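In what follows, chains carry the letters A, B, and so on, assigned in the order in which the sequence lines appear, proteins first and then strands, with residues in each chain numbered from 1. All values derive from a computational prediction rather than experimental measurement.
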Amino acid sequence: MASQTKTKILARHAANAALNIPLPGISMRGAHDLGADEPFYPLDEQIIAGAVEALESGQTHYVDVPGIAPLREAIAKHLNAACGTSWQSANILVTAGMQEARFLTIQIIGAQYDQIGVPTVAHPGVQKALGVRRRQVVSLSVETEQGCLPSLDEIAATLKKGCRLFYLESPSRLSGAAYTQNQVARIADMLAQHDAAAIWDQGLARWVDEGCSSLAALAEGSTAAIGEAWHGIGLGSWLVGSIAAPTDWIAPMQSQKQIMAICTSTASQYAALAASEIFGETHQQRLGQMRGQRAAALAMASELGLDLVPGAANNLLALHADASARGRLAEAGIDFAAGEDFGACDIVRLNIGAATVTAIEALG
Amino acid sequence: MSKKKQAAGTNLLYQLIAEARTYDDVIVMGRGDPDFDTPAHIVEAAKHAMIHHQDDVAPPAGLPALREAIAARVKRVNNIDIDPASEVVVTNGGQEALFLMVLAALGEGDELIVPEPNYNTYADSLAFAGGVKVAVQTAHEADFRADPAVVRAAITEKTRALLLVSPNNPAANVISPADMRALVDIAIQHDLMILADDIYDLFVYDDFVHTSPASLPGGKERSLTLNALSKAYSMTGWRLGWVVGPADLMARVAELKAAISGGTSIISQHAGIAALTGPQDAVDMMAAAYARRRRLVLDALDEMGMQYGVPQGGQFVFANIAFTGMDSAEVAQRILSEQHVLAYPGSAFSKERKDYLRMTFLQPEEQLIEGLRRMKLAMASL
Ligand SMILES: Cc1ncc(COP(=O)(O)O)c(C=O)c1O
């Protein structure tokens, strides 16, 4: 006999469209996978050594909920150096990857506000995290010419409507577009005037030439900065992310982390710790390589007259691509991230890598 | 009254853990973290994966090879038939599995029947989901058995699911095959889902037998069952667990998993394959050690004249301290401050259990003996 209880459960989930949105892969699976969230690089021996040493010395037990102390310290140090913040270890919560950081911030900081302002174009993980327990969302329209970021006017208008918490990506997870230093300063001013706060995804910030401004530097007391630890180092599938936030936000997120995971894998944390020691230099090399590959891809795109979405992060690019162009990408055996999963139709996101030029040719 | 500000629930535990860390000679009989390190062949497999499987990417539900190993394990140990492709989701430990099961099965206002005392994260997860806990109290005099008739009486129009954690934490009772049959029948008659937590299924003592509700006729289609490598393989730090259940519900669990954390560490997943498919002698060795230690603890409690529910399985004993006339939070605090022994107060599990202490037997025998000796001194001084 069919179970009515089960039918009701399934109906409740089916009604929650956000949960059906697919997520991009965490990390590239091979040269032709240009759709994943992180590029693939072989792991540096030092990173592996860090994880192995920890496991062999018995670090196979539960560790502190917010993360192992040296990793929290390393993350705080790196963020402070890159963003001009003054976070302490106590401001850092280590998460099991970027999605857990989205989920914890959106659900737990979100619970302290009536509404949350979310751009219509953002990483699909944002809608998914919102879908687990419905929050009242105010949609911020975005401008494709601005790389799918909400304009400052749109943020101002949303503040006027009474919204006091925002989820913003800079760089955008779709286009890599980032707010300029001046724009970030104005956002900080507007939020301060309204006593408003932000969850600020800056996971891709280091792929921007000259770096990219963090809202946290100007509004440390009302910003939760989230990102991978560390994007592009090769630990994508090991799932380490972080939240940097005022301690009165860290406390409830830490309680929730205990409830849903207890702590983050020790091997992953020690690997991320070892990675923190080589991250700066390794990243610079990779950034240089990416910059070259991206320039070549852009040159090819302009030669073919392709319509680019403006972006600043060197690890990806987004282009307009209709169904037939996508078909050609698929024929060429190239995986891409579909813009509609991010909320933007007829756009594809391609990672920068050896196959990006081939992808561009297929699109042209 | 103790001088410290009284925290509650998990926060109370964290406060005690923090104090325990300040003592060099502390003996920890609190946290459910086995003292054994992860068996070496599992660590080896992880190392191998770090070098040779760097470009592996798993879907949110987990590596296919691991899902197959899990399906084989639940068939072998729990007698549940599972399709690895559609009926397994790999999780960040049993804890995430638990959170997912609760979120998948219960929504706003839905009632979950919870035999008490029980693992308190169920109540926390249920609160997140907006569900309502309906506690069914059990007694140490009856070894914390949840009488199916009492469970049936607790069902209302809003009841959607039944929680069955066997062996239990902290109560350490094992649901007998006959009771399990009766409980599954109740779930069928009242059209309830079953949330089953088998995390301690390899640790069962004396003649007690573990039964998974999903292994019984009519059980599988309405059960979500969790397990993890944490306790069985001493892998608490790896964060690897799973949920199994019928494909239609598991599709929802997989969606929730993607929304909450997106995936599970690839290295832990490879370690998990090695744990489940490799030699099992370390598990047998650990189970035998826990059985010996359990005896030591029970003998010591008998000497102290303490009453308890006989631990039929698991890694704990939940002992009654009503004779002290004191609140367990205060008793735990005094044992810690005076004798540097950490035991968990029952009040951290539920407000009805202020006169219980939970002790683990997850430390080497010499330490356990010393811990029990100190505990005797502390109890005598109360
Ligand atoms: C009954 C029960 N379920 C689930 C868990 C979660 O275990 P873990 O997340 O470490 O696998 C625990 C941990 O103590 C437990 O006692």
Side-chain angles (χ1 to χ4, degrees), chain A residues 3-6 8-10 12-13 18-20 22-23 25-30 33 36 40 42-43 48 51-52 55-56 58-63 65 95-100 103 107 125 128-129 131-133 234 236-239 255-256 258-268 271, chain B residues 10-11 14 31 33-34 37-38 43 46-47 50-51 54-60 92-93 95-96 98-99 103-105 107 121 124-125 128-130 160-161 191-193 221-222 230 234-240 246 248-249 251-252 255-256 258-268 271:
Chain A
S3 158
Q4 275 193 27
T5 302
K6 196 155 136 181
K8 277 188 210 149
I9 290 172
L10 295 176
R12 185 175 70 231
H13 285 270
L19 291 178
N20 298 320
L23 285 179
I26 294 175
S27 179
M28 279 165 66
R29 273 165 202 267
D33 176 6
F40 171 74
L43 279 174
I48 297 180
V52 168
L55 292 175
E56 288 185 339
Q59 293 292 349
T60 57
H61 298 270
Y62 290 125
V63 289
V65 181
T95 61
M98 185 60 199
Q99 186 58 21
E100 195 181 83
F103 178 81
Q107 287 292 341
K128 286 183 93 70
V132 175
R133 189 172 64 175
S237 291
W238 295 52
L239 290 144
S255 298
Q256 181 61 28
Q258 154 70 32
I259 291 169
M260 58 190 250
I262 302 185
C263 57
T264 301
S265 145
T266 55
S268 296
Chain B
T10 308
N11 289 336
Y14 278 97
R31 198 164 197 185
D33 192 350
D37 289 340
T38 301
V43 173
K47 268 165 70 176
M50 289 176 199
I51 297 161
Q54 289 192 3
D55 51 356
D56 268 17
V57 180
N92 285 321
Q95 197 85 338
E96 190 182 51
L98 181 173
F99 190 58
L103 282 182
T121 305
D124 296 333
S125 298
F128 184 93
R160 295 287 171 269
D191 192 11
L192 308 180
M193 307 302 301
E221 52 267 38
R222 59 181 65 250
S230 312
S234 227
M235 289 177 70
T236 48
W238 298 74
R239 314 312 304 133
L240 199 80
D248 48 7
L249 281 175
R252 310 287 88 84
E255 281 168 2
L256 287 164
I260 285 162
S261 60
T264 306
S265 155
I266 202 79
I267 300 306
S268 296

Supply the atom-to-atom distance B/Thr121 OG1 to A/Met260 CE, rounded to the nearest 0.5 angstrom.
12.5 Å
For the CZ atom of B/Arg160 and the CD1 atom of A/Ile9, what is their distance to the nearest 0.5 Å?
8.5 Å
Between the main-chain N or O of B/Arg239 and the side-chain N or O of A/Ser265, is there a donor-acceptor pair closer than 3.5 Å?
no
Region of A/Ile48 that comes under 4.5 Å of a non-hydrogen atom in chain B
both
Using the test side-chain contact (heavy atoms from CB on, under 4.5 Å), find all partners of B/Glu255 that sit at least two apart in sequence or belong to another chain.
A/Leu19, A/Asn20, B/Arg252
I'd like to check A/Val65 versus B/Tyr14 (side-chain heavy atoms, cut-off strictly below 4.5 Å). Are they in contact?
yes
Heavy-atom pairs under 4.5 Å with chain B are the metric here; pick the option from A/Arg12, A/Gln4, A/Gln256, A/Arg29 that has the most.
A/Arg12
Please check this pair: side chain of A/His61 against backbone of B/Pro34, looking for a donor-acceptor N/O pair closer than 3.5 Å.
yes
When you measure from the side chain of A/Lys6 to the backbone of B/Glu221, do you find a donor-acceptor pair of N or O atoms at a distance under 3.5 Å?
yes
Can you say whether the rings of B/Phe99 and A/Phe103 are parallel (under 30°), tilted (30 to 60°) or perpendicular (over 60°)?
perpendicular
Pick from B/Thr236, B/Leu98, B/Leu240: which one has the most heavy-atom pairs with chain A under 4.5 Å?
B/Thr236
List the steps and the verdict of side-chain contact (heavy atoms from CB on, under 4.5 Å) for A/His13 and B/Leu256.
CA-CA 10 Å; A/His13 285 270; B/Leu256 287 164; 3.6 Å; yes
Which residues share a side-chain contact (heavy atoms from CB on, under 4.5 Å) with B/Ala58, sequence neighbours left out:
B/Leu63, B/Ile266, B/Gln269
Given the options A/Ile262, A/Val52, A/Thr266, which has more heavy-atom pairs under 4.5 Å with chain B than any of the others?
A/Ile262
Tell me which of these, B/Ile267, B/Ile260, B/Thr38, has more heavy-atom pairs under 4.5 Å with chain A than the rest.
B/Ile260
Could you measure the distance from the OG1 atom of B/Thr264 to the CD1 atom of A/Ile26? Nearest 0.5 Å is fine.
8.0 Å
Rounded distance [0.5 Å steps], OG in A/Ser255 versus CZ in B/Phe128:
12.5 Å
Heavy-atom distances under 4.5 Å only: say whether B/Ser268 touches chain A with side chain, backbone, both or neither.
side chain
Determine whether B/Asp191 and A/Lys8 make a side-chain contact, defined as any pair of heavy atoms from C-beta on separated by less than 4.5 Å.
no
Using 0.5 Å steps for rounding, measure from the OG1 atom of A/Thr5 to the CE atom of B/Met193.
7.5 Å
Which of B/Ala258, B/Gly93, B/Ala46 touches chain A most, by non-hydrogen pairs under 4.5 Å
B/Ala258
Determine whether a donor-acceptor pair (N or O, by modelled atom type, separation under 3.5 Å) exists between the side chain of B/Asp124 and the backbone of A/Ile259.
no
Any donor and acceptor pair, going by atom type alone, linking the side chain of A/Gln99 with main-chain N or O of B/Gly263 inside 3.5 Å?
no
Which one wins on heavy-atom pair count under 4.5 Å against chain A: B/Gly107, B/Ser261, B/Gly262, B/Pro59?
B/Ser261
Atom group of A/Phe40 that falls short of 4.5 Å from chain B, counting heavy atoms:
side chain
Can you say whether B/Met235 sits under 4.5 Å from chain A via the side chain, the backbone, both, or neither, judging by heavy atoms?
backbone
Drop me the distance from B/Asn92's CG to A/Thr264's OG1, to the nearest 0.5 angstrom.
7.5 Å
Pick whichever of A/Gly58, A/Ala271, A/Gly30, A/Ala51 has the most heavy-atom pairs under 4.5 Å with chain B.
A/Gly58
Using non-hydrogen atoms only, which part of A/Met98 is less than 4.5 Å away from chain B: side chain, backbone, both, or neither?
neither
Write down the atom of A/Ser3, the atom of B/Arg222, and the distance for their closest heavy-atom approach.
CB-NH2, 4.1 Å
Interface residue of largest heavy-atom contact number with chain A, from B/Pro60, B/Ser265, B/Ser230, under 4.5 Å
B/Ser265
Got a donor-acceptor contact below 3.5 angstrom from the A/Ser237 side chain to the B/Asp56 backbone?
yes
What's the shortest heavy-atom distance between A/Leu43 and B/Gln54, and which atoms?
N-OE1, 2.8 Å
